[in-house]
Amino acid sequence: MTNYLDTLNEPQREGVLTTEGPVMLIAGAGSGKTRVLTFRIAYLIQEKNVDPFSIMALTFTNKAAKEMRDRIEKVVGSDARSLMMGTFHSVFSRILRAEAHHIGYPNNFTIYDTDDVKQLLRTIIKEKGLDDAVYKVNTVLGRISSAKNKLISADEYLRNGELMGDDAANMRPEIGAIYKIYTNRLYKSGAMDFDDLLFNTDKLFKEHLDVLNKYQQRIQYLMVDEFQDTNLCQYYIIRKLAAVRENVCVVGDDAQSIYAFRGADITNILNFERDYADLKVIKLEQNYRSTSNIVQAANSVIKRNRAQLPKNVWTANEEGKLIELIKAVSDNEEGRLVATSIFQERMQHQMKYSDFAILYRTNSQSRALEESLRRMNIPYRMVGGLSFYQRKEIKDILAYLRFTMNQQDEASFRRIINLPKRGIGDATVDKIVVAANDHGAPLWDIVQNVTPFVGGRVAGPIDDFVTMIKRFSIEIERKDAYDAAFEIAKSSGLLRELYEDKTVEGLSRYENVQELLNAIKEFTDDPERQDKSLGAFLQEVSLLTGQDEEKDKDPDKVTLMTIHMAKGLEFKYVYMVGMEEDLFPSQMMINSRADLEEERRLFYVAITRAEKRLFLSYALSRYRFGRLKNSEPSRFLDDIDSSFIKVSSKFSSAIESSPPPSQYAKKLVSGIKKTVTSAPPIRPVTYKPPADFIPSDTGALQVGMRVEHPKFGFGTVLQMDTSGADRKAKIGFKDIGEKTLLLSFAKLRIVEN
DNA sequence: GTCACCGAGATTTTT
DNA sequence: TCTCGGTGAC
């Protein structure tokens with residue numbers, strides 16, 4: 001058992017063995033922090049005989065939690081199950097599920113997702129008669145959310161001169177009032193938003209010391225992963241929980257802090273040193289993941305940031321190949337070049353598809369990439385995007401289930417009262433909600449006794465609805481989650497409605513609902529699960545995100561995801577695409593130094609995901625908002641010390657004929673050590689390409705089509721060769737005769753008609 | 001109350 | 001390009 005200690009280096013071992021007292025691990029990228037955390041927990045259980053029940057470990061994503069649990073289970077076996085471990089949100093929502101009644105919430109409170117929250121805010125803004133162009137839902141939500149993350153309640157917000165002053169200066173003086181109404185509405189609905197799961201946990205501990213004490217006694221050892229991403233609220237909870245024993249170990253890397261927009265506050269790291277005088281700080285600086293070139297390139301980037309803790313990340317790994325920069329004229333070509341490169345590298349080095357990842361800044365960039373991968377028959381999986389549980393049909397069913405659990409839930413009520421159609425319109429719903437608020441009465445009381453408040457015609461259907469929901473709530477007492485959910489899906493008429501829709505989309509929606517029911521079945525059939533109630537299922541599902549549905553039969557696929565989702569992961573080959581100004585760094589992040597530094601840290605995270613090879617790519621034009629836009633290479637390319645990067649030989653010849661390169665591109669081409677043999681000189685031709693030459697997608701190129709080439713001029717496709725790895729086309733050019741071109745490189749414009 | 005059509009805005013990231 | 005909310009006809 002102790003032999004695993006031998007596999008650790010000195011600071012890592014220290015991190016595992018220093019179990020008593022406050023510890024902060026500053027862990028550089030790829031320095032094995034998960035190993036340290038894993039072994040630390042294993043060590044506590046096996047060597048120090050600590051009851052796993054009294055260890056709490058907090059992570060940021062479900063994925064990280066799951067991975068850690070799996071790894072611990074490999075060492076300590078089934079003991080791992082009783083660990084109190086998960087994301088901040090899931091662990092605290094479990095605590096609230098047991099304790100929420102102390103702060104006036106029902107224990108079976110509903111969790112509102114972002115859509116529910118926005119809907120509710122929109123309603124409130126409308127009810128207050130405010131202009132929704134001034135009070136944009138996203139703005140309002142942002143203000144409220146960041147207040148909650150800083151532990152500022154609605155009442156405190158209204159009393160806070162600075163916040164109110166800001167709002168007044170921005171012509172939005174009512175935000176505080178909206179916050180207050182919003183809080184009351186959530187409370188009345190027995191619902192919490194994501195921020196409330198933290199905010200209310202803090203409130204619970206603050207107002208009920210007996211409850212806090214219970215958890216302080218229980219949790220003997222507390223560990224926090226990704227500490228640099230904690231917000232103030234999380235920090236206070238951590239401190240409270242650890243106040244008695246002070247056996248708290250936080251692990252983080254300030255260079256990888258990329259969630260400031262969500263309230264993460266790096267100063268927590270500094271405060272931690274201040275709050276614990278006897279804090280032991282251990283630095284993990286040896287990188288085991290990446291080649292020396294990649295590590296040094298990453299260092300050269302992060303060095304440009306002003307705000308950072310001093311550390312020296314180094315590696316004993318081989319030098320490795322240089323980072324390659326791929327240039328493309330368009331987003332489509334970028335996709336094509338990346339796909340081609342993956343194909344070739346995989347062949348040449350006998351890699352698996354799963355060794356490759358393509359990272360991007362925004363989800364919308366995935367489309368061009370997907371197309372190229374599909375065209376080359378490269379299997380891929382996309383992580384993130386919209387989750388299964390955000391689909392309309394799924395949310396509809398879940399709303400029924402949620403409302404059956406909690407009849408005060410306004411958001412679910414609005415969603416299902418007229419679904420399927422039963423002749424109850426918005427006007428009626430508004431009347432009911434307003435009546436509930438005016439009378440200070442619970443929503444459900446009004447709904448049950450609705451006649452005085454609405455037109456006589458709709459009273460009948462509402463009564464039927466009430467009867468149905470009452471029947472459902474009896475069902476969930478008698479049946480397990482699956483049987484109850486199935487019964488509700490069927491009796492509500494939702495299932496039938498979807499079944500009768502024979503369109504393609506209707507079919508897939510029906511299948512999605514079936515899949516949801518399967519997921520519930522799986523949940524109830526899981527022998528390790530103690531709480532199999534519908535409530536427990538809903539709780540869990542609310543905190544799930546897109547990344548958590550991977551029951552892939554074929555795991556050998558290229559991974560596509562945003563950089564944010566890639567944090568904590570590693571791949572042998574990484575392609576970081578879209579290295580362009582306004583995209584990365586995002587145009588919304590270039591206005592302040594702090595924002596720009598966060599973007600740079602994001603770039604640092606991207607670079608350090610790569611083990612063996614890193615490719616960066618950019619396109620000179622790209623479709624955005626459905627329009628073609630020109631773009632310039634990212635300023636971040638200049639941050640990389642030029643001795644670690646080279647221009648790829650894969651770049652297209654069309655660059656030379658494209659619009660004059662930007663200053664960034666120029667600097668790059670001149671400043672970068674050219675280790676590639678330069679392309680053979682192109683023989684002079686008389687043909688001059690038009691200034692606005694834009695290559696077409698040649699995926700559907702066929703014999704007989706007329707094409708234009710930026711150097712060779714106009715021609716006709718004579719023959720296609722798609723047998724080999726590279727698709728080729730023999731083209732008869734008007735000026736220079738026949739040429740066979742590789743379609744992955746050639747810039748061709750398909751001439752219309 | 002319902003449906004079909006139109007126009008606007010979105011694309012920064014997640015629990 | 002896509003999704004969402006608003007509007008007007010029935």
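These values consider heavy atoms only, across backbone and side chains, with no hydrogens, waters or symmetry-generated copies.
- Contact annotation for A:T428: backbone-only contact, meaning every heavy-atom pair under 4.0 Å involves sugar-phosphate atoms and none involves a base.
- Remark: C1' of C:dT1 and CD of A:E371 are 12 Å apart, rounded to the nearest angstrom.
- Using a 4.0 Å heavy-atom cutoff across all strands shown, A:N418 reaches sugar-phosphate atoms only and no base atom.
- The shortest non-hydrogen separation linking A:R97 to A:A536 is NH2-N, 3.3 Å.
- Between the A:E580 side chain and the A:A619 main chain, a donor and an acceptor come within less than 3.5 Å of each other.
- Listed nucleotides: B:dG1, B:dT15, B:dT13. Nearest to the side chain of A:A427: B:dG1.
- Nucleotides B:dT13 and C:dC4 place their P atoms 15 Å apart, quoted to the nearest Å.
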Got a list of protein N/O to nucleotides 9-12 of chain B N/O distances below 3.5 Å?
{"from": "B:dT12", "atom 1": "O2", "to": "A:R361", "atom 2": "NH2", "distance (Å)": "2.4"}

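- Judged by a 6.0 Å distance limit and a 45° cone about the ring axis, A:R239 is positioned over the six-membered ring of A:Y236.
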> Passes salt bridge (Lys or Arg N to Asp or Glu O under 4.0 Å), A:K148 versus A:D193? Steps please.
Replying inline: CA-CA 11 Å; A:K148 278 189 197 173; A:D193 65 18; 2.8 Å; yes
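- Rounding to whole angstrom units, CZ of residue A:F60 and P of B:dT13 are separated by 18 Å.
- One can place CG of A:D115 at 15 Å from P of B:dT15, the figure rounded to the nearest angstrom.
- The nearest heavy atom of DNA chain B to A:F88 and to A:K421 marks one nucleotide each, and the one closer to the 5' end goes with A:K421.
- Rounded to an integer number of Å, the gap from A:D225 CG to B:dT15 P is 14 Å.
- Within 4.0 Å of A:Y623, counting heavy atoms only, lies no atom of the nucleic acid at all.
- At whole-Å resolution of the value, CZ in A:F194 and C1' in B:dT13 are 15 Å apart.
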> Under the side-chain contact (heavy atoms from CB on, under 4.5 Å) criterion, do A:E599 and A:M588 qualify, and how do the steps go?
Replying inline: CA-CA 10 Å; A:E599 288 287 280; A:M588 335 206 75; over 6 Å; no
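- Here B:dT15 presents its C1' atom at 14 Å from CD of A:E226, a figure rounded to the nearest Å.
- Separating the CG atom of A:L359 from the P atom of B:dT13 is a distance of 14 Å, rounded to the nearest angstrom.
- Residues A:N231 and A:N268 come closest through the heavy atom pair O-ND2, 3.4 Å.
- Proximity of a side-chain donor or acceptor of A:S586 to a complementary backbone N or O of A:L583 within less than 3.5 Å is not detected.
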So which protein nitrogen or oxygen atoms get under 3.5 Å of nucleotides 2-6 of chain C's nitrogens or oxygens?
{"from": "C:dG5", "atom 1": "OP1", "to": "A:R122", "atom 2": "NH1", "distance (Å)": "2.8"}

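- Under the rule for a salt bridge (charged side-chain N to carboxylate O under 4.0 Å, His left out), the partners of A:K206 that lie at least two apart in sequence or sit in another chain are A:D202.
- Judged by distance alone, the side chain of A:Q119 and the main-chain N or O of A:A411 form no donor-acceptor pair under 3.5 Å.
- Side chains of A:Y215 and A:E99: a donor-acceptor N/O pair is present below 3.5 angstrom, by distance only.
- In this entry the distance linking OH of A:Y389 with P of B:dT15 reads 14 Å, nearest Å.
- The 5' end of DNA chain B is approached more closely, in terms of each residue's nearest nucleotide, by A:G425 than by the other of A:D195 and A:G425.
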